[in-house]
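Within every chain, numbering begins at 1; the chains are lettered A, B, ... in the order of the sequence lines, protein sequences first and strands thereafter.
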Amino acid sequence: MRNPTRAAIVFAAVFCLAFGFTARVVAADAPFPITIMTRTFSGDPIKDDAQAKRIVEEYCNVKLNIIWVPSTSYDDKMNLAIASGDIPMVMLAGSKIPSIVKAAKEGAFWEIGSYLKDYPNLGRANSITLWNSSFEGKVYGLYSNRPLGRYGITYRSDWLKNVGFKQPVTIDDFYKMLVAFRDKDPDQNGKADTYGMVVTKYNGPWKVMLTWFGGPNEWGEDATGQLLPSHMHPEYMDALRFWRKMYTEKLINDDFAVMDPNKWNDPIFQNKAGVIVDCINTVTNKWNTTWEQQKLPYYAECMGPIQGPKGLRSQATSGYGSLFLFSRKAIKDVATLKKVLAFEDRMGDRKMQDTVTYGVEGRNFTMLPGGFVKVNQDPNIPKNELNDLNQILSFIPPTNQTPQEQKPWVVKYEKQMLDNEPYVVGDPTLAFVSPTMGTKGAQLNTIIEDARVQFIAGQIDEKGFNDAVALWRKTGGDQVIKEFNDDYKKVKR
Amino acid sequence: MGKTGRIRNQSVLGVAFDVFNVLFLAAYALAAILPFLYVVAGSLASTYEFRTRPFFIIPQTFNVQSYLYILKSERLLRAGLVSIYRTVLGTVINMAFTLTMAYPLSRRGLKGRNLILNLIVFSMLFSGGMIPTFLVVNALGLIDTIWALVLPGAISAWSLIIVKTFFQDLPPGLEEAARIDGGTDLQILVRIVLPLSMPIVATFSLFYAVGHWNAFFDALIYLNSSNKWPLQLMLRQMVAFATQGTFGSAQDISELTGSIPEDGVKMAVIVVSTVPILMVYPFLQKYFTKGVLIGAIKG
């Protein structure tokens, strides 16, 4: 069992015998060719002959053919693959968009749910996330893991110290912090040129804060157990009033309705604002890394849920970032499917997770005593030795990855994200598909989004917002409610 | 005498108009060139400076890191070569097919001319759509080859009609003279018609070339191997990814750290992908300004 190839063969052979297949099918020594279509974020993905890729191929005894698709146009290419019937063996789907749901219903993909338990790594998939990523309970996709409790507050701790405050606990504390950031000259430049929180036209922060006020994550049960969208819950109006107050008192930027999310952090780096509510890892890391590079004595601190009327609450993510789907056309039979799944399972091993994340040991990273990875930051190492390789991995189980030697703030947010999990509020509709939402979703969302922004900006009152909700219901909302509840009742029993 | 006299005799209103004209056009030119200068400056500045200074033409600290990054990335260099190859090959194919189809269609004697013209106009109004076109290209075995980029759009119906109209307007006397001298159709096209049509050849070569240089979508859908990508596909990803956003639940920034290009690299890629096609313009300029038919027919 010294060399991994032999180990793989033995593994596969034992596996197949156990399932009643002749060993002849798998005994072939040749690497198993696998075609994976996935996305590249960098635009300059890993080279075909890169060492990290070769290590993966040797370890799993496969020949990898990766079709890289730029992430910004991924869905176009994916829809084309679906429409032309030429779906590669393994295809990444960014989310359950209608074309994917339709293809799954028409049988384009293997249902893998019943096989997962047979594999040591894949068997450890999180059942909540599997549910969220399922199609009405049917698991077609192998999800790529993301922390469930990623949302929270990131603030300037040096500012907080300057205004003499402690980390907020309640919504009211949070409000007072924003006021202090506006009034008490937190950057100590003697000018009243600061405000509290940066908000863009991206509605993520709104959804996070809605859960603080006791509102649901997109959809929630009312008193009778019926699922209703967040804007039909009374807490929505409480949150709206709070936002209007923040807006009128200039605690948030007044161009929030049009601000490009790409410029979200600019006011922070210009020392104009001190708070962002979003994924704590992203924001905290971006601020602290930038300031450290510039040798500025600023520091970002992150925190999770806030105490509201219903206690500590925080919005949950779906728990997955994308799905790997297995083509019925390219994977002819169950035996081949099992080979592909065995590959996916092996990719969950520590060595593979470390290789696709950090690269080649000794070149891209070194192992430190204590079980940490130190990434080699040498700018002379070309980035396309590793770029995007992690986009072929599902990271199941996430604990198999060796942690990096980390900055203190990284340790903090990693812990915070785990601490968030008991308080997260999930979206019960994630496993369902509402056909009406598929056809009219954009229009329906716009009705509520516009009304929300107009209410916060003081252009409409409570009645105006209720009119928008009525319009939402009339335009197709009632149908969506019915569709979700029909599905929900089936599963709830 | 006449010319200078006219300038001296200009009215106050005329001078005011000229001044306004110059100022307006200068402002317009500035508005066009400033963003480009900003991009050039951004490609030479540090990331921090780029993020904190709202606008600048001269960076405080020069660094060529971004350009070194591009030079070191084999795929970027390769993509540049692919783009040049595609542009040259594609433009040659475009011009060969457009000219040889437009010329016969410009001759009134051609049988079935109206039917062909109507079919061409039909293709301008109705197209097969993305998926059927993809299926055809796929069935022809062109997927993942350069031919998938240059053959499907070999003739632009719009350009064809303009070139045809231009040919039609050439004096028929020229062709008759050539025919009396014993010229064949092909000789007439190559020796008589084309030399007189240099402005239109230059114009449409440029249109086609710019189109090829900027195209990314066909490369996205028809190419599977990333080492065949043209520059614009990489550029678009590098630039568009940042603006599309690294926020929200779908993407995890911590997992991407390192694979997102620095702002400076993005700017440098824009410069590198824009400059080559800009350099083509001066060489074609003379054809635009030249007279079309000077001295062709006497009497």
State, with a plain yes or no, whether a side-chain heavy atom of A/S73 is found less than 4.5 Å away from one of B/R236.
-> yes
Heavy atoms from other residues, nucleotides or ligands near CD1 of B/I57 exceed 12 (cutoff 6.0 Å) = yes
Counting only heavy atoms closer than 4.5 Å, note whether A/I46 contacts chain B via side chain, backbone, both or neither.
-> backbone
For each of A/M37, A/K263, A/Q294, tally heavy-atom pairs with chain B at distances under 4.5 Å, and name the one with the top tally.
-> A/Q294
Is the count of non-hydrogen atoms from other residues, nucleotides or ligands lying under 6.0 Å from B/I33 atom CD1 greater than 12?
-> no
Look up atom OG1 in A/T40 and atom CZ in B/R75, then write down how far apart they are to the nearest 0.5 Å.
-> 7.5 Å
Is atom CZ of B/F55 surrounded by more than 12 heavy atoms (other residues, nucleotides or ligands) closer than 6.0 Å?
-> yes
Interatomic spacing from OG1 in A/T72 to CG in B/L220 - rounded to 0.5 Å = 8.0 Å
Stepwise, does the side chain to side chain contact (heavy atoms under 4.5 Å, CB included) test hold for B/Q237 with A/S71?
-> CA-CA 7 Å; B/Q237 175 61 23; A/S71 68; 2.8 Å; yes
Does CZ in A/F269 sit with more than 12 non-hydrogen atoms of other residues, nucleotides or ligands closer than 6.0 Å?
-> yes
For B/L135, is it the side chain, the backbone, both, or neither that has a heavy atom closer than 4.5 Å to a heavy atom of chain A?
-> side chain
CZ (B/F217) and NZ (A/K77) are apart, to the nearest 0.5 Å, by 10.0 Å
For A/K47, is it the side chain, the backbone, both or neither that has a heavy atom under 4.5 Å from a heavy atom of chain B?
-> both
With respect to chain B, which residue among A/I66, A/L80, A/I67 yields the maximal number of heavy-atom pairs within a distance under 4.5 Å?
-> A/L80
Which atoms of A/D44 approach chain B - backbone, side chain, both or neither, heavy atom under 4.5 Å | both
Proximity breakdown for A/S84 and chain B, heavy-atom pairs closer than 4.5 Å | both
Looking only at heavy atoms, which of residues 223-232 of chain B get nearer than 4.5 Å to chain A?
-> B/L223, B/N224, B/S226, B/N227, B/W229
In Å, rounded to the nearest 0.5 Å, how long is the span from CG of A/N79 to CD1 of B/I131?
-> 7.0 Å
In short, A/D76 meets B/M130 closest at the heavy-atom pair O-CE, 4.4 Å
Chain B heavy atoms under 4.5 Å from A/N65: which part of the residue, side chain, backbone, both or neither?
-> neither
